[in-house]
Amino acid sequence: MKPEDEQADPGLLDLGTATTGTERSMATSIGEKDPESFTLVIIGASGDLTERKIVPALFDLYRKGEIPAPFRVVGCARTHLDDQGFREKMRKALGKKTRSSDAEWKAFAERLHYWSIDYSDESSFVALGTFLNSGVQGQGMAQNRIFYLAIPPSLCELTVGMIGRSGLAAEGTEGYGWSRIVIEKPFGRDLKSAAALDRSLHEHFNEHQIFRMDHYLAKETVQNILMFRFANAIFEPIWNRRYVDSVTIRALETLGVEHRAGYYEQAGVLRDMFQNHMMQLLALMAMDPPSAFEADRVRDEKVRVYRSLRPFPVGRLNDYLILGQYGPGVVRGKEVPGYREEPGVRPTSLIPTFASMRVFIDNWRWQGTPFYLTSGKRMGEKVTNITIQFKEVPHSVFRNVLGEHIAVNCLTMGIYPDERISLMFQTKHPGPRVSLTPVTMDFRYAQGQEDALMEAYEKLLLDCMLGDQMLFLRQDSVELCWSFLTPILNACETCSDRSEMLLFYESGTLDAEAVERLNRTRMVGI
Ligand code: BG6
């Protein structure tokens, strides 16, 4: 019996999985190695990122046997806690995951430690260093460290300085191994502040030690974009302005701002989603093939895309950009407040929670092809996907018998919730008359794959342990994305009719289709 959604779609040609049986065992795996022994120091361990993402991802990696060497996790924050208190807090946060595997949890929990820290006191970091040096001998532990900054952006520069000045960034001296720092977005709030943050990082760390995190890059379906494009010979020849009419990249969410108003009121959707996730997806779709699948070769190609971005026509913002803010409404049957009624949000806030923009890439491959980027909170559906709309047939041989418009081919790369790739094309509708039916050829990741998809945080933590920067951002791309967005942000934030620019939408009403209609009515020339 097939799952319900497959039965419901008569036009679905099921391809199943691309690799089966012995083929699968021969599947090419890239970069297989084990991480060395390390200590992960989570700075800001009392915050919810540690509970929601970092520790659960580590525990899963541990359970899967992905961290075979001895390791320690040291949670640091201002809160006073002891090891036991920290372990208990993490156990509660993991919820059901721990109950099913008590023995594993106990063994994992023994590796969790806690150390209170004062962010503004250098001696507190020196003491942390002494603590990190202790208890390493005799346990097979090497002096390798990862400092994970799980703190608000306002504390990052200060903390980086403290880590550096107390000697914790040093590598290869007096028995130390490597030292790495993981930093979460946002990397600054504009070009100037991003450069300043980078200068602080580089005062103490070298580029190979810095891991700028963008969790979108580690989603399996996002990683697959390069495999799909460059491990198959048939797509690349049509991946250009000659065959592609437009590319749409959307990340729609049903969630609102949740408890993050403090941050979001400073950020808004352009800094929160576009500067990083959306621009990264754009680069993966538009870049040229790198000469090799190596971190810097791949990142070089992304940078070339950013360098080719056509400067945004800030004098004609409304023709290329739609900004919106959610009002009250109903999402998944539940009444939700508007953005301005959310705790911590100013009642007159003009911060956009939705944006849709059209960008162009001025190079030979993409000249004249629009890329639509859309992201918003409290939308009608949670969906992240990329659609490539191909051009119409150049000449319809059926024009005399068909009487209907031939819908164009579409390739959709589903990132969430449908992790799939679908190609829509036309077929003959069965029967005596000439008529067309669009059908979908479909590949679903989950179907028939032996290996469970790896969660983004697991993959990023693992890569950081391995020192692989492929899925982390390089500073030049961060700065180029800011160079593109900063003029837009300035124009939006200083324009006299700022509130008129903002579309106030009812929560739960804008789904992908509604956004498309909106683009067509508001942006010129579509
Ligand atoms: C984060 C943003 O980076 O990505 C959030 O700060 C957003 O505002 C989230 O909700 C979306 O991530 P995902 O993986 O749910 O699409």
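Both counts, for ligands and for their atoms, begin at 1 and track the order of listing. The chain is numbered in sequence order, starting from 1.
- Considering only residues two or more places apart in sequence or on other chains, Asp288 meets the side chain to side chain donor-acceptor pair (under 3.5 Å) condition with Arg304, Arg365.
- Contacts of ligand 1 (protein heavy-atom distance under 4.0 Å) are Lys185, His215, Tyr216, Lys219, Glu253, Arg260, Asp272, Met273, His277, Lys377, Lys382.
- Residue pairs meeting the side-chain hydrogen bond (donor to acceptor under 3.5 Å, both in side chains) criterion with at least one partner in residues 152-163, sequence neighbours excluded, are Glu157-Ser200.
- The salt bridge (Lys or Arg N to Asp or Glu O under 4.0 Å) pairs that include a residue from residues 462-473 are Lys459-Asp463, where partners are two or more places apart or lie in different chains.
- The neighbour count for Arg340 CZ, taken as heavy atoms of other residues, nucleotides or ligands under 6.0 Å away, is above 12.
- In this structure, a donor-acceptor pair under 3.5 Å is present between the side chains of Tyr263 and Asp272.
- Salt bridge annotation for Asp476-Arg299: absent, with no cationic side-chain nitrogen under 4.0 angstrom from a carboxylate oxygen.
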